[in-house]
There are 2 protein chains.
Amino acid sequence: MADIKQGKIKSRESQLSTTLKDQLRCQSCGLTPLCLPVGMSEAETEKLDSIVHRNTPYHKGDHLFRQGDKFKGIYVITSGSVKSYYINKHGEECIVGFYLPGELIGLDAIHNRVYSCSVAVLETTSACEVPFSQLQSLTSEIPSLQHQLMCLLSKEVHNDCEMVAILASHSAEERLASFLLSLSSRYKSRSLSALEFNLSMSRTEIASFLGHAVETVSRTFSRFQEQGLLEVNRKQVKLLNIEALADLGGNTLTSSTTGFP
Amino acid sequence: MADIKQGKIKSRESQLSTTLKDQLRCQSCGLTPLCLPVGMSEAETEKLDSIVHRNTPYHKGDHLFRQGDKFKGIYVITSGSVKSYYINKHGEECIVGFYLPGELIGLDAIHNRVYSCSVAVLETTSACEVPFSQLQSLTSEIPSLQHQLMCLLSKEVHNDCEMVAILASHSAEERLASFLLSLSSRYKSRSLSALEFNLSMSRTEIASFLGHAVETVSRTFSRFQEQGLLEVNRKQVKLLNIEALADLGGNTLTSSTTGFP
DNA sequence: CACCTTATTTGACTTAGGTCAATAAGTATT
DNA sequence: AATACTTATTGACCTAAGTCAAATAAGGTG
């Protein structure tokens with residue numbers, strides 16, 4: 001809870017061995033094609049790398065930051081996953097998003113310099129912390145960094161619009177199908193299996209995100225399984241009929257763009 | 001429908017008289033504090049102004065662009081309002097957002113250079129068109145433009161997160177209350193009345209946006225009126241009890257941040 | 001002005017999904 | 001390993017919201 005405050009970050013970082021650090025540099029990171037260094041030269045990537053903090057892995061329940069904290073920088077998940085949530089006035093946790101490796105966190109805090117959500121780790125997770133003031137200085141030196149940051153912001157806007165589309169679709173089946181397909185395609189673009197993956201979030205967290213009761217999520221999973229659309233065993237999911245799921249959950253921007261009138 | 005295609009933009013523009021054009025320049029625009037020129041010098045603002053296209057007003061049903069169109073630039077509403085929507089696979093119109101004066105449209109298309117939604121005008125509306133390639137060139141000359149563009153992108157991400165929070169809140173009352181409060185605060189920050197305004201969108205459009213049936217939206221309006229929370233007559237809305245509405249719809253990021261635990 | 005079309009409201013009925021409660025299957029703790 | 005604790009599933013029941021249908025109101029058009 002308090003373990004990411006103040007100087008602790010530096011102490012975490014110093015625990016990492018030099019060899020491990022080398023493996024984690026931007027230059028050798030497998031997520032580079034999704035991340036900030038897109039289009040940057042070796043030398044530029046090195047400059048970016050030099051401002052990035054890499055802490056020791058976070059553990060389930062740890063927080064990257066909390067709702068209301070002063071904005072320091074953006075985070076990129078390198079492994080694991082996190083949830084972004086806020087506490088509503090009834091004291092309930094409302095989940096606004098999940099982030100997977102290669103995804104940027106904290107972009108919404110740039111404009112007012114305050115994190116509007118808390119971000120907690122769902123499983124053992126590594127993340128890069130990119131101090132924003134330094135990032136901003138670098139952008140004036142490195143045009144492609146500037147460009148890529150803007151593209152990533154734009155992509156985030158796009159993803160959020162898609163999420164709005166999913167949430168406005170009424171049925172529980174549509175929402176869950178869209179959610180699973182979203183995870184699937186995100187895993188795929190990270191060269192992970194698009195058909196078989198582990199849900200790092202609980203049913204309760206999925207329910208909160210999709211705006212349903214836990215029981216509804218659970219029942220919908222069961223129904224999908226009965227219908228042969230997927231196999232589910234607790235956190236382990238295997239999608240058996242992507243097309244049928246897409247038919248259900250196809251109420252999204254991207255899929256509708258392909259079937260554009 | 002086809003009236004914004006190709007050279008038509010220029011012919012529209014040329015119809016504007018020189019005096020009218022002067023009134024519409026960025027330098028004298030009342031929306032400047034919300035828009036791109038924030039933090040820019042007089043000379044820089046003039047440069048920005050010179051790349052902006054201002055067309056003759058659009059009329060209800062006109063499109064700024066359509067889903068699938070190649071990305072040309074971003075638009076800023078200067079008066080009136082528009083809806084952003086896509087057509088789902090059942091051929092239904094799904095509304096993803098409404099935009100008011102001072103709000104930027106098309107930010108989600110920067111990253112892949114394709115508009116993912118159609119944007120149609122809800123009432124007589126004026127908009128500035130900012131060609132993106134020229135805007136991008138200007139950003140390298142004008143650091144504060146760069147910065148402001150990023151802030152606006154960040155703000156858009158933030159707004160979208162808020163929308164996700166609203167849509168994940170279950171009840172029709174919560175959603176409609178949040179929607180009305182969102183409009184209210186947006187009007188307020190544009191120095192318009194926060195308590196009394198005109199809905200430029202139809203009940204059907206509100207329903208589509210909030211993911212409800214039209215009848216539900218209509219009934220919820222009626223219930224709010226019975227409870228004395230507002231007065232509504234067709235498009236005309238007068239909020240009578242903002243606090244009570246906020247209690248209902250307070251499931252949002254910003255309001256929860258104030259009542260932060 | 002009369003007619004037509006479209007938007008909104010309201011009522012009656014139905015259903016998807018919420019709530020409550022019990023059970024089962026994992027996980028963590030001692 | 002036994003215990004307690006948490007998470008997920010399933011059933012029974014109920015309510016909010018969807019659907020269908022009709023009435024009303026507003027706007028548009030010849």
Side-chain angles (χ1 to χ4, degrees), chain A residues 59-61 83 88 90 92-95 120 122-124 166-180 198-227 230-237 248-249 251, chain B residues 59-61 83 88 90 92-95 120 122-124 166-180 198-227 230-237 248-249 251:
Chain A
H59 300 290
K60 187 171 177 172
K83 64 177 174 185
N88 74 8
H90 308 295
E92 299 155 343
E93 173 181 302
C94 299
I95 291 182
L122 294 169
E123 61 192 316
T124 302
I166 291 175
L167 288 179
S169 77
H170 322 266
S171 88
E173 295 196 348
E174 283 178 81
R175 291 191 194 188
L176 186 60
S178 297
F179 174 67
L180 292 171
N198 241 73
L199 300 169
S200 55
M201 65 293 287
S202 70
R203 296 290 189 271
T204 309
E205 285 163 338
I206 297 173
S208 166
F209 183 53
L210 298 181
H212 282 291
V214 207
E215 295 92 331
T216 302
V217 172
S218 187
R219 275 188 257 266
T220 309
F221 265 120
S222 303
R223 211 175 316 139
F224 281 172
Q225 180 154 257
E226 281 164 31
Q227 296 167 349
L230 50 74
E231 266 171 31
V232 58
N233 190 291
R234 298 248 137 190
K235 307 265 183 190
Q236 192 63 34
V237 175
L248 275 172
N251 211 24
Chain B
H59 299 291
K60 187 172 175 171
K83 64 177 174 184
N88 72 9
H90 308 295
E92 300 155 343
E93 174 180 302
C94 299
I95 291 181
L122 294 170
E123 60 191 318
T124 302
I166 291 175
L167 288 179
S169 77
H170 324 265
S171 89
E173 294 196 348
E174 283 178 80
R175 291 191 195 187
L176 186 60
S178 297
F179 174 67
L180 292 172
N198 242 72
L199 300 169
S200 55
M201 64 294 288
S202 70
R203 297 289 188 271
T204 309
E205 286 163 338
I206 297 172
S208 165
F209 183 53
L210 298 181
H212 283 290
V214 206
E215 295 93 330
T216 303
V217 171
S218 184
R219 273 188 258 264
T220 310
F221 265 120
S222 303
R223 212 175 316 141
F224 282 171
Q225 180 155 256
E226 282 165 30
Q227 296 167 349
L230 50 75
E231 266 171 30
V232 59
N233 191 292
R234 299 247 136 190
K235 307 261 181 193
Q236 193 63 32
V237 176
L248 275 173
N251 211 23

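Throughout, protein chains are lettered first and strands after them, A, B, ... in sequence-line order, and every chain is numbered starting at 1.
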Decide yes or no for A:F224 and A:L176: does some side-chain heavy atom of the first lie under 4.5 Å from some side-chain heavy atom of the second?
-> yes
What pairs with B:S171 under side chain to side chain donor-acceptor pair (under 3.5 Å), at least two apart in sequence or on another chain?
-> B:E174
Taking only residues two or more places apart in sequence, or in another chain, which ones meet A:K235 in a side chain to side chain contact (heavy atoms under 4.5 Å, CB included)?
-> A:N198, A:S202
May I ask you to evaluate whether B:S222 reaches the phosphate of C:dT10, defined as a side-chain N or O under 4.0 Å from OP1 or OP2?
-> yes
List the protein contact pattern of nucleotides 17-29 of chain C with one symbol per nucleotide (5' to 3'): B for base contact, S for sugar-phosphate-only contact, - for none; contact means a heavy-atom distance under 4.0 Å.
-> SSBB---------
For B:A207, which residues count as a side chain to side chain contact (heavy atoms under 4.5 Å, CB included) partner, sequence neighbours excluded?
-> B:V217
Whole angstrom is fine here: how far is it from CZ in B:F224 over to C1' in C:dT9?
-> 16 Å
Touch check for A:S218, heavy atoms < 4.0 angstrom, all strands: base, sugar-phosphate only, or nothing?
-> base
Between its two end axes (five pairs each) the helix from C:dC1-D:dG30 to C:dT30-D:dA1 turns, nearest 10 degrees, through 50°
Among all residues two or more places apart in sequence or in another chain, which pass the side chain to side chain donor-acceptor pair (under 3.5 Å) test with B:S200?
-> B:S81
Taking only residues at least two apart or on different chains, which pairs with a member in residues 217-227 of chain B satisfy side-chain hydrogen bond (donor to acceptor under 3.5 Å, both in side chains)?
-> B:E173-B:R223
Is it true that a side-chain atom of A:R203 and a backbone atom of A:R234 form a donor plus acceptor pair closer than 3.5 Å?
-> yes
Any side-chain heavy atom of A:I206 sitting closer than 4.5 Å to one from A:F221?
-> yes
Between CD of B:E226 and C1' of C:dT9 the distance, given in whole Å, is 12 Å
Which residues satisfy the ring-ring contact (aromatic ring centres under 6.0 Å, His included) test with A:F209, sequence neighbours excluded?
-> A:F98, A:F179
Extract, from 5' to 3' on DNA chain D, the first and final nucleotides lying under 4.0 angstrom from some heavy atom of chain B.
-> D:dA17 to D:dA26
Go through the structure and list residues passing salt bridge (charged side-chain N to carboxylate O under 4.0 Å, His left out) with A:E93, not counting sequence neighbours.
-> A:K83
